[in-house]
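First up is the structure itself, then whatever we jot down about it.
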2 protein chains.
Amino acid sequence: MSEGVEWALHSCLNLSWLPPGQAIPTAKLAAFYSLPAAYLNKQLQALGRAGIVSSISGPRGGFQLARNPEHITLLDVVVAIEGPDEAFRCDQLLKQGPGADPDVDYRQACLISQAMRRADLAWRRTLAEQTLADLKTDVERQYPASESNTLNRFAALRA
Amino acid sequence: MSEGVEWALHSCLNLSWLPPGQAIPTAKLAAFYSLPAAYLNKQLQALGRAGIVSSISGPRGGFQLARNPEHITLLDVVVAIEGPDEAFRCDQLLKQGPGADPDVDYRQACLISQAMRRADLAWRRTLAEQTLADLKTDVERQYPASESNTLNRFAALRA
DNA sequence: GGATAACTACTCGGATAACACATGTCCGAGTTAGCACGG
DNA sequence: CCGTGCTAACTCGGACATGTGTTATCCGAGTAGTTATCC
C-alpha cells in the first residue's frame, strides 16, 4: 500500500480540527510533517476527486473537509488513494486449465477467489466501521494536547 | 498484491491432489495454466523457503507439499509470497509533528496505525481460518470432476 | 550374470535483464486580496 | 471619503522526470537414473 494513505489520513485528521469554513493550503499541511508539498498535493487531489475534501484556489485558499467527519470512513480515504480494486486480483487462471467453461466468470466461481474476497471484505468492513470522527474523538481522549498543538502549529506557519 | 499469490494457491491446490511421495516439476505445474515456468519456479522457491513445499532435484524430481493440507493455511501461502509485512506501513509521521517524543514508538502509539492494524488483523485472521484442506474439500464438493481432471492433465503432460 | 563406474538427461536454485507503477518535481490556469487612482 | 479597476501574489491542477519493486528470463550446480564395461 502506498504511503500516500498515511499522509492522507493524518492530513484529514488535522483538517478535522479546523474551524468550519477555514481552508489550509497544501504547503502548510506538508510542513506539518516535513513532507514534499507537491506530492502531498497529488494525494489531496485524489481526496478531492473522491469528494472527501474540497479545494479553494487563490489567496486564503487551500483544502478543507467536504463533509462532516462522521460521514468519512477510513475506507473512504484508503479507496480514494489506492483505488477501488481489491488487493487480490483474480486473473481467472482456471480459464486456462482443463475442463474450463469459457462462459463462466471465474472471478465469481473460483473458490480461491471467493476465499480471498472474504478476507478482503473483512478488511474493508473493519475500515468502514471507523469514521474520522471516531478517530478524532479517540485522539482527543488519549492525547488531549493534540488539538491545540495542531492549531498552534498552523498559526505559527501562518506567520 | 502480486499475482504470484494466485499462482501459488492454485499450484498448492493441484499439489494436494497428488498421491503422497510423488513430486511434480515446475514445467508441468506451469503448463497447467500456461504460465511462464521460470517465474513460477521463483514462487515455488519462496514456498519452499517457508516450509510449505519441499523440492527434489534430478529426474523424477519436482515439488510436493511439505506437510498435510490441514496444516497449511491460506495466510501461510500469502505470507510466503508477499512477505510478512502488513500492507499499511507506518512511517511514524508523528515524529515530525509538534509535541513529538523521540522515545515513543509511534507504530504502537499512533491511533491511525492502530486502526489500520486492526483491519490488517481482521484480514489475516480470515485467511488463517481457512486451510488448504478446507479449500480442497469445498472444491471437490462443488466441482467433483476437479480431482480427476487435474490428475488426468498431469498424466497427459507426463507423456 | 552381477556389480561398478562413467555418462546423460533432468531438475532446482540463484544471478541477471526488462518493465510497470509508485514517488517526486515542475510550471501554467485561475482566483482573490490588496492597492492605486479617480470621482 | 468612497467606489472602481488594476495589479500582483497565491493556490490548485495536471503534465513531466526519477527510483524502486515486481515481472520475466537465463544458465550453472547437483542429482538420479541408465548404460556400458569389466570381473
Side-chain angles (χ1 to χ4, degrees), chain A residues 1-8 11 15 21-31 33-66 78 80-83 85 87-89 91 93 154 157-159, chain B residues 1-8 11 15 21-31 33-64 66 78 80-85 87-89 91 93 154 157-159:
Chain A
M1 182 176 314
S2 79
E3 64 183 340
V5 173
E6 186 180 8
W7 301 4
S11 294
L15 288 177
Q22 182 172 353
I24 289 285
T26 303
K28 283 165 190 162
L29 279 171
Y33 298 118
S34 307
L35 300 176
Y39 189 35
L40 176 61
N41 186 27
K42 203 181 180 65
Q43 317 294 346
L44 292 171
Q45 284 178 38
L47 293 178
R49 277 190 293 270
I52 296 172
V53 302
S54 61
S55 63
I56 303 174
S57 282
R60 304 283 180 184
F63 288 91
Q64 57 188 355
L65 291 182
V78 170
I81 303 295
E82 288 289 300
D85 295 341
F88 177 84
R89 91 192 117 92
D91 282 344
L93 259 62
F154 279 141
L157 290 170
R158 184 164 302 278
Chain B
M1 182 177 314
S2 80
E3 64 183 341
V5 172
E6 186 180 9
W7 301 3
S11 295
L15 288 177
Q22 183 173 353
I24 290 286
T26 302
K28 283 166 188 160
L29 279 171
Y33 298 118
S34 308
L35 300 176
Y39 189 35
L40 176 61
N41 185 28
K42 201 181 182 62
Q43 317 295 346
L44 292 171
Q45 284 177 37
L47 292 179
R49 278 190 293 271
I52 295 173
V53 303
S54 61
S55 63
I56 303 174
S57 283
R60 305 281 180 187
F63 289 90
Q64 58 188 355
V78 171
I81 303 295
E82 289 288 300
D85 295 340
F88 178 84
R89 91 192 117 91
D91 282 345
L93 259 60
F154 278 141
L157 290 170
R158 183 162 303 278

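Below, chains carry the letters A, B, ... as their sequence lines are ordered, and counting in each starts from 1. Keep in mind it's a predicted model, so treat the numbers as computed, not measured.
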Practice task
Calculate the interatomic distance between B:Glu3 atom CD and C:dA20 atom P; express it in whole Å.
Solution key: 13 Å
Exercise for the section: Please report, rounded to the nearest Å, how far the P atom of D:dC12 is from the CG atom of A:Leu29. Expected result: 9 Å
Exercise for the section: For DNA chain D, determine which residues of residues 33-46 of chain B have any heavy atom closer than 4.0 angstrom to one of its atoms, and list them numerically. Expected result: B:Pro36, B:Ala38, B:Tyr39, B:Lys42
Exercise for the section: State which residues pass side-chain contact (heavy atoms from CB on, under 4.5 Å) with A:Ser57; sequence neighbours excluded, sorted by chain then number. Expected result: none
Problem - B:Glu82 CD - D:dG21 C1' separation (whole Å) - result: 11 Å
Exercise for the section: Please list, chain by chain and in numerical order, all residues satisfying ring-ring contact (aromatic ring centres under 6.0 Å, His included) with A:Phe88, sequence neighbours excluded. Expected result: none
Exercise for the section: Work out which heavy atom in A:Phe63 is nearest to a heavy atom in A:Leu15; give both atom names and the distance. Expected result: O-CD2, 3.6 Å
Handout entry: Under the side chain to side chain donor-acceptor pair (under 3.5 Å) test, residues paired with B:Glu6 that sit two or more places apart
Key = none
Completion exercise
Hits for ring-ring contact (aromatic ring centres under 6.0 Å, His included) against B:Tyr39, two or more places apart or cross-chain, chain-then-number order -> B:Trp7
Fill in the blank from the handout: The side-chain contact (heavy atoms from CB on, under 4.5 Å) partners of A:Ala66 (sequence neighbours excluded) come to A:Ser54
Completion exercise
Atom CD1 of B:Ile81 and atom C1' of D:dG21 are separated, to the nearest Å, by 15 Å
Completion exercise
With sequence neighbours left out, the residues meeting side-chain contact (heavy atoms from CB on, under 4.5 Å) with A:Ala30 are A:Leu35, A:Ala37, A:Leu40
Fill in the blank from the handout: Per atom distances to the B:Trp7 side chain, the nearest of D:dA24, C:dG14, D:dG14 is D:dA24
Practice task
Please confirm whether the backbone N or O of A:Ser2 pairs with a side-chain atom of A:Glu82, one donor and one acceptor, at under 3.5 Å?
Solution key: yes
Practice task
Please report, rounded to the nearest Å, how far the P atom of C:dC21 is from the CE atom of B:Met1.
Solution key: 17 Å
Mind listing the N/O atom pairs, protein and nucleotides 7-11 of chain D, below 3.5 Å?
from   : atom 1 : to      : atom 2 : distance (Å)
D:dT11 : O4'    : A:Gly58 : O      : 3.2

Look for any protein N or O under 3.5 Å of an N or O in nucleotides 3-8 of chain C and output each such pair with its distance, or none.
none

Handout entry: Distance, rounded to the nearest Å, where B:Phe88 contributes CZ and C:dA22 contributes C1'
Key = 16 Å
Problem - Any strand: nucleotide that pairs with C:dA36 via Watson-Crick or wobble, under 3.5 Å - result: D:dT4
Handout entry: Validation row: A:Leu29, A:Leu44 side chains within 4.5 angstrom (heavy atoms)
Key = yes
Fill in the blank from the handout: Note: B:Ile56 and B:Ala23 closest approach over all heavy atoms is CD1-CB, 4.2 Å
Problem - Which residues share a side-chain contact (heavy atoms from CB on, under 4.5 Å) with B:Ala38, sequence neighbours left out - result: none
